[in-house]
K.L.:
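Please find one structure pasted underneath; my questions will follow.
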Amino acid sequence: MSDSWWRQAVVYQIYPRSFADANGDGIGDLRGITSRVEHLRDLGVDAVWLSPFYPSALADGGYDVDDYRDVDPKLGTLADFDEMQAALHAAGIKLIVDIVPNHSSNRHEWFRAALAAGPGSPERERYVFRRGGGPNGEEPPSDWVGYFGGPTWEPVGDGDWYLHLFAPEQPDFNWANDEVRADFLRTLRFWSDRGVDGFRVDVATALVKDMSLPLPTQAELDAEDVVPGTHRLHDRDELSEVYAEWRAVFDSYDPPRMAVAEAWVPADRIKRYTSPDSLGQAFNFDLLQAQWDAAAFRAIIEEHRRLDLASGSSSTWVLSNHDVIRHRSRYGLPPGTDETAWLRSGGQDPAPDLERGLRRARAATLLLLALPGSTYLYQGEELGLPEVADIPVGARQDPVWAISGGDVKGRDGCRVPLPWEATGPSFGFGAGPAHLPQPGWFAGLAVATQSDDEESTLSFYREAIRARRRLQTAESVEITDSAGDDGDTVLQFARPNGWTSITNFGTEAVELPAGRVVISSGPVEDGKLPGETTVWLVAAEG
Ligand code: NOJ
Ligand code: CA
């Protein structure tokens with residue numbers, strides 16, 4: 001097993017439009033990132049995952065890409081990119097860029113050419129066009145429902161419809177087309193040549209589709225008990241050929257470029273993405289979806305250790321990203337809360353217990369950082385930011401909001417620009433108001449507010465990441481708690497060097513075993529571990 005850097009890295013996700021705004025137009029930009037590299041260095045992260053920064057009309061926050069080999073002028077230039085990358089590298093931080101291969105935007109030059117060229121043209125072959133049903137093609141080719149809700153087919157006025165699994169502004173590519181495949185290899189080389197260290201692969205499971213006629217109905221798609229690897233739209237076996245080609249490109253560099261797949265697939269399918277001849281690593285969203293429960297956490301950790309050993313990969317642990325409700329808020333809500341309904345209520349019903357949410361969030365983070373594998377942090381979680389659940393209707397940007405007719409509020413609440421200072425028009429994010437409104441209470445959570453406070457969540461993250469770096473060993477862990485009395489509420493595991501992490505998921509304090517406390521997510525006193533707290537121990541003399 002190799003000791004490649006990404007196997008046990010702490011990776012910090014930057015959602016560029018909401019990180020730091022250098023030119024004061026309200027939108028975060030690349031020079032903003034460059035100006036804040038010191039924050040990342042102080043935090044101690046190993047790498048940055050940068051969400052899309054390519055030219056885009058922002059129909060889906062940049063996941064609608066107009067041009068894969070350029071920088072959005074709203075965010076800067078290729079020279080700004082080079083400068084940002086150099087600053088990160090100089091600080092010892094690697095750079096992973098987001099690649100969006102399932103769909104382009106409807107403003108991509110190929111899509112414009114496809115519309116202009118008409119039915120049956122080679123230009124339309126790069127996307128998924130089908131004739132409409134009904135006498136004049138006025139019916140969609142199928143009744144499929146997309147990931148954002150709403151139909152997956154859009155008519156173009158000449159009897160053809162195009163497929164979009166996401167927003168209408170995101171036409172799906174046809175991965176049976178050689179030009180599409182070749183163009184993505186060119187894009188991977190373009191960024192690898194520029195010096196990026198890896199790629200995060202958006203919707204890695206959807207590229208290859210079986211679009212042969214007749215198309216099934218949505219009910220048939222849902223009901224079909226298909227043989228794994230043969231679903232019409234998802235996780236098809238042929239994807240391995242695509243990623244083997246990508247792997248050859250990655251491995252032609254020294255050091256090889258890494259890749260991490262966004263792949264929501266069952267455990268027995270994940271190795272198709274994580275094996276060394278494929279992308280190499282995939283996101284593991286299981287803890288992100290788990291309830292605050294020792295047994296649930298334990299089962300997930302054990303399963304992923306087994307999967308890693310089988311595939312030769314290493315896990316990716318994650319609690320928050322730009323697509324989900326921030327985990328401080330999630331952990332403050334009663335189990336079973338309907339999150340869509342909660343957002344609809346503006347975050348009021350039920351009111352989250354944010355004290356408890358933060359206590360659990362810190363405990364979960366410390367647990368994650370002790371696990372073998374890489375930990376993905378999402379910008380702002382180091383400040384303990386909760387979800388901004390009451391963004392005014394007029395400010396909403398997530399396409400889900402419009403597609404659902406204003407029913408589903410969507411993901412804007414975790415994408416609010418970061419507070420850097422306690423004052424100023426956008427709390428130090430930029431010189432003017434931010435593109436999504438920030439609440440007044442951001443002042444108390446700003447980087448400047450927390451930076452010199454030893455008790456703050458920011459200081460806690462810094463200390464924890466430093467301690468992890470000191471203690472880190474080979475990727476091995478043993479779950480050392482018994483399934484007995486404490487087994488329901490306490491999860492304890494250790495690395496071979498004795499570095500032990502203990503989390504008390506319950507509310508009553510429990511006895512701590514012997515050892516020296518390295519760090520804890522909350523106060524530890526009198527040899528007892530309070531509820532909703534994690535502690536790291538080493539041997540007393542260690
Ligand atoms: C997954 C991304 O994380 C999400 O933000 C985006 O909307 C979809 N893929 C479509 O690209
Ligand atoms: Ca800007």
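In listed order, ligands and their atoms are each counted from 1. Residues take their numbers from the sequence shown, with the count starting at 1.
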K.L.:
Any atom of ligand 1 sitting under 4.0 Å from a heavy atom of Q13?
P.N.:
no
K.L.:
Mind checking whether Y378 and H322 have parallel, tilted or perpendicular rings, split at 30° and 60°?
P.N.:
tilted
K.L.:
Please enumerate all residues that pass ring-ring contact (aromatic ring centres under 6.0 Å, His included) together with F427, with sequence neighbours excluded.
P.N.:
none
K.L.:
When the ring planes of H39 and F19 are compared, do they come out parallel, tilted or perpendicular, using 30° and 60° as the limits?
P.N.:
tilted
K.L.:
Mind checking whether Y147 has a heavy atom under 4.0 Å from ligand 1?
P.N.:
no
K.L.:
Ring-plane angle category for H234 and H231, please: parallel below 30°, perpendicular beyond 60°, tilted otherwise.
P.N.:
perpendicular
K.L.:
Any idea which of N321, V65, D323 brings a heavy atom closest to atom 4 (C) of ligand 1?
P.N.:
D323
K.L.:
Taking only heavy atoms of H103 into account, list the atoms of ligand 1 that are under 4.0 Å away from them.
P.N.:
10 (C), 11 (O)
K.L.:
Got a sec, which pairs hit ring pair (Phe, Tyr, Trp, His ring centres under 6.0 Å) with one end in residues 387-408, sequence neighbours left out?
P.N.:
none
K.L.:
Do R124's NZ or CZ and the ring of F129 fall within the cation-pi criteria of under 6.0 Å and 45°?
P.N.:
yes
K.L.:
In terms of side-chain heavy atoms, does K209 have a donor or acceptor partner in N102 at a distance below 3.5 Å?
P.N.:
yes
K.L.:
The Ca ion (ligand 2): which protein N, O or S atoms are under 3.0 Å away?
P.N.:
D21 OD1, N23 OD1, D25 OD1, I27 O, D29 OD2
K.L.:
Report the nearest protein non-hydrogen atom to atom 7 (O) of ligand 1: residue, atom name, distance rounded to 0.1 Å.
P.N.:
D60 OD2, 2.6 Å
K.L.:
Could you tell me whether F148 approaches ligand 1 through its side chain, its backbone, both or neither, with non-hydrogen atoms closer than 4.0 Å?
P.N.:
side chain
K.L.:
Show the atoms of ligand 1 that are less than 4.0 angstrom away from any heavy atom in F166.
P.N.:
8 (C), 10 (C)
K.L.:
When the ring planes of Y127 and F173 are compared, do they come out parallel, tilted or perpendicular, using 30° and 60° as the limits?
P.N.:
parallel
K.L.:
Give the numbers and elements of all ligand 1 atoms closer than 4.0 Å to a heavy atom of R415.
P.N.:
5 (O)
K.L.:
Just need the protein heavy atom nearest to atom 2 (C) of ligand 1, so name the residue and atom and give the distance.
P.N.:
D202 OD1, 3.2 Å
K.L.:
Heavy-atom contacts with R411 under 4.0 Å: which atoms of ligand 1 show up? List them by number with element.
P.N.:
4 (C), 5 (O), 6 (C), 7 (O)
K.L.:
F285 and W317: aromatic ring centres closer than 6.0 Å?
P.N.:
no
K.L.:
Is it the case that more than 12 heavy atoms not belonging to R186 sit under 6.0 Å from its CZ atom?
P.N.:
no
K.L.:
For T34, give me all partners under side-chain hydrogen bond (donor to acceptor under 3.5 Å, both in side chains), at least two apart in sequence or on another chain.
P.N.:
none
K.L.:
Any idea which atoms of ligand 1 are less than 4.0 Å away from a heavy-atom of V203?
P.N.:
9 (N)
